[in-house]
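Each ligand, and each atom within it, is numbered from 1 in the order the structure gives.
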Amino acid sequence: MKQAAITAVGHYVPEKRLTNADLEQMVDTSDEWIRTRTGIRERRIAADDEATSDMAAEAARELIRKNGVDPAAIDAIVVGTVTPDMLFPATACLIQEKIGAENAWGFDLSAACSGFMYALATGARFIESGQHEKVLVVGADTMSSIIDYEDRSTCILFGDGAGAVLLEPDDEYGVTDIEQGIDATDWEQLCMLAGGSRRPASPETVEKKLHVLRQDGRPVFKRAVSKMAEITEGIMERGDLAAEDVRYLVPHQANERIISATADSVGLPMERVMLNIDRYGNTTAATIPLCLADYEDDLRPGDNLVLVAFGGGFTWSAAHIRWAYNGLDV
Ligand code: ACO
């Protein structure tokens, strides 16, 4: 069976920076608190006329431009996001139109911070089954559109961005193993309560601020630490990978303390952990492809990567990838 290899990467973050110093002017917080509790220094914020499909299309355009990909050859577009431009049409349809992928079909899937991983798992199956030759997998979120900038416990965490990878069949390299899970116990600890079919938008939902992300940070933190460690250990055991075999751990960027606890649990030093939370914060479905884009020059074909994410739902996923792409030779 062919594997689904990542053969190209693209990314996009908006120009505007929201620094910890800016947040000190907006809510009762401090740069020191934010840095020591989360590792974040600044995040990017979309322009007023910029939505998720715009950022995702920019990431896809970068991937296309750098690698000479013909947009018309893309068979499918799978998008992980919790902040689609609107409930429908799907962000995938809007991206298809913006990048001229005229022969592609596609859809969005909702798995919060595990969104990119679920999209990767789905895209990989289309390649492995032989149904498709080129699948564009996107993780993109405009978190600033669902954040309450008066809530200091959440507004310091999130930022906006988009990342994309291209999957193609390969005999040797690719997604070697991927697992995912869900558990809705205590889902209220991390959610957006209104705007769906249970509580459609109304003056009351707006007045009660139900159209923004809410999170009980401490229990989510505990759960994230234990699940990220458990599934990272599990995927390494299944792939017979010792710590020294792993070139990089690629963790969802929710909190640097969660990331370092995960790395510790499998004996990986922080030099072999992809980290960009200091510059982008938590961009939800975009964190993992943004990491891949930041570190791609440092990767060589055959490198073992362990990807891991945990988020609202609750959702989680871990994967073992043998890297195929060196950024030059596709
Ligand atoms: N500035 C200053 N003080 C603050 C701030 C702030 N920005 N935010 C909260 N505090 C205060 C609290 O009010 C509390 O004060 P108290 O003790 O007087 O009540 C104190 O700091 C400690 O608050 P905690 O919430 O316990 O702080 P904690 O160390 O847990 O850090 C954080 C909070 C950063 C949110 C952490 O809990 C976290 O990272 N949680 C998990 C995030 C995550 O992984 N989410 C899943 C992915 S996101 C997704 O799927 C969309």
Enumerated ligand 1 atoms positioned under 4.0 Å from heavy atoms of G311:
50 (O)

Quick one: does M143 get a heavy atom under 4.0 Å from ligand 1?
no

Sub-3.5 Å N/O-N/O distance, Q215 and ligand 1
yes

Is there a polar contact between ligand 1 and T38, counting only N or O atoms under 3.5 Å apart?
no

Between E296 and K66, does any side-chain N to carboxylate O distance fall below 4.0 Å?
yes

Mark up the atoms of ligand 1 that fall under 4.0 Å of a heavy atom belonging to A254, in ascending order.
43 (C), 44 (O)

What protein heavy atom sits nearest atom 28 (P) of ligand 1, and how far away is it?
R37 NH1, 3.5 Å

Test of proximity, T284 against ligand 1: N or O pairs below 3.5 Å
no

Do me a favour and list the nearest non-hydrogen protein atom to atom 10 (N) of ligand 1 with residue, atom name and distance?
W33 CZ2, 3.5 Å

Per-atom contact, atom 18 (O) of ligand 1, protein heavy atoms, under 4.0 angstrom:
no

If you measure every N or O of L157 against every N or O of ligand 1, does any of those distances drop under 3.5 Å?
no

Should we count CD of E133 as having more than 12 external heavy atoms under 6.0 Å?
no

Counting each atom of ligand 1 from 1 as listed, which ones have a heavy atom of T29 under 4.0 Å away?
1 (N), 2 (C), 6 (C), 7 (N)

Provide the number and element of each atom of ligand 1 under 4.0 Å from a heavy atom of G312.
49 (C), 50 (O)

Would you call K98 and D54 a salt bridge, taking side-chain N to carboxylate O under 4.0 Å as the test?
yes

Under 4.0 Å between a Lys/Arg side-chain N and an Asp/Glu carboxylate O for K209 and E150?
yes

For atom 13 (O) of ligand 1, which protein heavy atom lies nearest, and how many Å away is it?
R152 NH2, 3.0 Å

Identify the protein heavy atom lying closest to atom 31 (O) of ligand 1, giving its residue, its atom name and the separation to 0.1 Å.
R257 NH2, 3.6 Å

Quick one: nearest non-hydrogen protein atom to atom 49 (C) of ligand 1, plus distance?
C113 SG, 2.6 Å

Is ligand 1 under 4.0 Å from a heavy atom in the side chain of N282, in the backbone, in both, or in neither?
side chain

Strictly below 4.0 Å, N to O, side chains only: are K2 and D171 in salt-bridge contact?
yes

Within the 4.0 Å heavy-atom cut-off, what T154 brings close to ligand 1 is neither

Nearest-neighbour protein heavy atom for atom 32 (C) of ligand 1, which is reported as residue plus atom name and distance
N255 ND2, 4.4 Å

For R247, is there an ion pair with D298 - N to carboxylate O distance below 4.0 angstrom?
yes

Stepwise side chain to side chain contact (heavy atoms under 4.5 Å, CB included) check, Q25 with D22:
CA-CA 5 Å; Q25 308 302 312; D22 295 331; 5.7 Å; no

State plainly whether the residues K134 and D75 are in salt-bridge range, i.e. N to O under 4.0 Å.
no

Do R279 and D294 sit within salt-bridge range, that is, some charged N less than 4.0 Å from a carboxylate O?
yes

Less than 6.0 angstrom separating the ring centers of W105 and F126, yes or no?
yes

Would atom 4 (C) of ligand 1 count as contacted, meaning some protein heavy atom under 4.0 Å?
yes

Which heavy atom of the protein is the closest neighbour of atom 24 (P) of ligand 1, given with residue, atom name and distance?
R218 NH2, 3.7 Å

Near L190, which atoms of ligand 1 are under 4.0 Å from a heavy atom of that residue?
46 (C), 48 (S), 49 (C), 50 (O)

Between G217 and ligand 1, does any nitrogen or oxygen pair lie at a separation below 3.5 Å?
yes

Short question: side chain of D216, backbone of Q189 - any donor-acceptor pair under 3.5 Å?
no

